[in-house]
Amino acid sequence: MVTVNIGMLHYLIDHIYGAFMHRTKISPPFFSRGWGGSKLELLERMIKDLFPEVEGQNWPPSLIQPIWRTVWETRSACLREGVFRTTCDEQLISALPPESHTARVAFLAPKHVPPQKMACVVHLAGTGDHSFDRRLHLGGPLLKENIATMVLESPFYGRRRPMLQHGSKLLCVSDLLLLGRTTIDETRSLLHWLDSEAGFGKMGVCGLSMGGVHAAMVGSLHPTPVATLPFLSPHSAVVAFCEGILRYGTAWEALREDLAVQKPAMTLEDVRERMRNVLSLTDVTRFPIPKNPNAVIFVAATDDGYIPKHSVLELQKAWPGSEVRWVTGGHVSSFLLHNDEFRRAIIDGLNRLEWKEPPF
């Protein structure tokens, strides 16, 4: 009788999928245009500026006024799409491709429920998630719990993708940092809009994989408590690009050649060390502990070929009071099969927040 190790099977599926996506010539590798030159230096400096000198002194989110249009509505729910100018400062806007200057969001909400008695969660994109559909599918069943869903289209993705970029394969390392910094700014502004303009009683932020890293950063830096729900996420992009499957889809030789202009004797190991140093800026364990760590729930997979267990546990250790929940599967299979567990985490995280006091 042949016994099958299910965990190993999930892990193998991740590697087979990764090999198909990142080792074939179907699409170019990540960072085929190199490091990004002066843009990378700008981003390194500005990401270091994210960390408040005094813990708890987070910079205020920018005000936005999205322009909305209704996509559809039923007796019980309404889907709208909105646009607003990115909330980045002018230095970052000049570094962004023109296609990414306008942010797009989808907003799915129950009707006939006062906003102060509703919650809303902002869903952030994982690698390769160029549309609203998957995240609306995740959030849709939560309408019956009076939980609205807001979906942000990432810069460099969907209609915000630069013309020369193929799919999700960012052209420069600086683009990865720029995507993250812009996503943080825009998400904090959306949460501020949900709070001050729309009047929601509770807010949260979630994301899968790369989106989960960004969700953790937003939850850390937002000035008020929000439910923070990273799914299948590492503590840092170092894990994904230097340890996980994505290292096979990275243009190491192009990165070496870019550095060799300044230092001709660069080896591939030198390049990988440079990548680790740059991406250490995305290490969420360096960020402040969220205002309510009890409302932080990580959902991780037992046999994830992209995200090792130690990475998830480092985040839990850095944020005492947070919770880790494990689902059986790999990165790809959990993404497909465990939406109910993700929804349960959203509900439970929001339940750990106090309702906002209604204004008099």
Side-chain angles (χ1 to χ4, degrees), residues 77 108-110 113-124 126 134-152 187 190-191 194-195 200-209 211-222 224-235 284 287-302 304 307 309 311-329 331 333-357:
L108 178 63
V113 181
Q116 66 269 23
K117 295 185 178 180
M118 282 196 289
C120 186
V121 175
V122 181
H123 293 237
L124 303 181
R134 192 204 67 77
R135 286 170 283 163
L136 288 174
H137 173 74
L138 177 62
L142 298 172
L143 288 171
K144 64 180 182 293
E145 307 288 339
N146 289 336
I147 298 172
T149 292
M150 182 171 275
V151 179
L152 174 64
T187 305
L190 288 169
L191 289 168
L194 288 165
D195 182 9
F200 277 82
K202 295 182 182 182
M203 278 82 62
V205 58
C206 74
L208 191 142
S209 196
V213 177
H214 296 152
M217 293 174 175
V218 170
S220 161
L221 295 170
H222 200 64
T224 59
V226 293
T228 304
L229 308 148
F231 304 143
L232 311 178
S233 302
H235 75 285
V284 183
F287 281 62
I289 296 172
K291 305 298 179 293
N292 185 348
N294 293 322
V296 178
I297 301 175
F298 304 102
V299 181
T302 54
D304 195 320
I307 314 299
K309 288 182 180 178
S311 183
V312 181
L313 297 175
E314 282 184 45
L315 256 176
Q316 184 192 31
K317 182 181 177 183
W319 290 356
S322 62
E323 179 186 353
V324 175
R325 297 180 179 180
W326 297 95
V327 294
T328 302
H331 200 76
S333 59
S334 298
F335 169 82
L336 297 171
L337 300 176
H338 290 304
N339 280 340
D340 284 343
E341 284 83 355
F342 301 147
R343 293 184 190 109
R344 172 47 56 191
I346 289 172
I347 293 168
D348 291 347
L350 289 167
N351 282 341
R352 295 173 188 179
L353 293 176
E354 298 292 328
W355 287 100
K356 187 176 66 177
E357 292 293 329

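The backbone N or O of P293 lies less than 3.5 Å from no partner atom in the side chain of S322, so there is not a single donor-acceptor pair. Checked by atom type and distance alone, the side chain of S233 never pairs as donor or acceptor with a backbone atom of P230 at under 3.5 Å. K309 places no side-chain N or O within donor-acceptor distance of the main-chain N or O of D304, the cut-off being under 3.5 Å. A distance-only check finds no donor-acceptor pair linking the side chain of K202 to the backbone of C120 [under 3.5 Å].
Contact check for V296 versus E323: no side-chain heavy atoms found under the 4.5 Å cut-off. Using a 4.5 Å heavy-atom cutoff, the side chains of V327 and T302 are not in contact. Between L208 and R134 there is a side-chain heavy-atom pair separated by less than 4.5 Å. A heavy-atom distance below 4.5 Å is not found between the side chains of H235 and V312. The closest side-chain heavy-atom distance from L152 to H123 is not below 4.5 Å. Between S334 and F231, every side-chain heavy-atom pair lies at or beyond the 4.5 Å cut-off. Within the 4.5 Å cutoff, the side chain of I289 has heavy atoms near those of the P320 side chain. You'll find the side chain of V299 stays beyond 4.5 Å of the side chain of W326, heavy atoms only.
Here S209 pairs with H331 under the side chain to side chain donor-acceptor pair (under 3.5 Å) rule; sequence neighbours left out. For P225, the side-chain contact (heavy atoms from CB on, under 4.5 Å) partners are K291, N292, L353, not counting sequence neighbours. Under the rule for a ring-ring contact (aromatic ring centres under 6.0 Å, His included), F298 has no partner lying at least two apart in sequence or in another chain. With sequence neighbours excluded, the residues satisfying salt bridge (charged side-chain N to carboxylate O under 4.0 Å, His left out) with D348 are R325, R344.
Shown here for P290 and G219, the closest heavy-atom pair between the two residues is CB-O, 3.6 Å. S220 approaches P288 most closely through the heavy-atom pair OG-O, 2.7 Å. Between L350 and A119, the closest heavy-atom pair is CD1-CB, 3.7 Å. The two residues A216 and V284 have their closest heavy-atom pair at CB-CG1, 3.7 Å. For the pair L124 and R135, the tightest heavy-atom approach, listed with the atom from each and the gap, is C-NH1, 3.5 Å. Smallest separation of non-hydrogen atoms from A301 and G329: CB-O, 3.3 Å.
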Please list every donor-acceptor pair under 3.5 Å in which a side-chain atom of residues 136-149 meets a protein atom from a residue at least two apart or in another chain.
from : atom 1 : to   : atom 2 : distance (Å)
K144 : NZ     : P141 : O      : 2.9

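Residue E341 holds its CD atom at 9.5 Å from CZ of R343, rounded to the nearest 0.5 Å. The CG atom of N294 sits 11.5 Å away from atom OG1 of T228, with the distance rounded to the nearest 0.5 Å. Here the CE-NE2 distance, from M217 to H214, works out to 6.0 Å after rounding to the nearest 0.5 Å. Atom CZ of F287 is separated from atom CG of L221 by 5.5 Å, given to the nearest 0.5 angstrom. Distance OG1/T224 to CG/L191: 7.5 Å, rounded to 0.5 Å. Separation of atoms CZ (F200) and CE (M150) is listed at 7.5 Å; rounding is to 0.5 Å.
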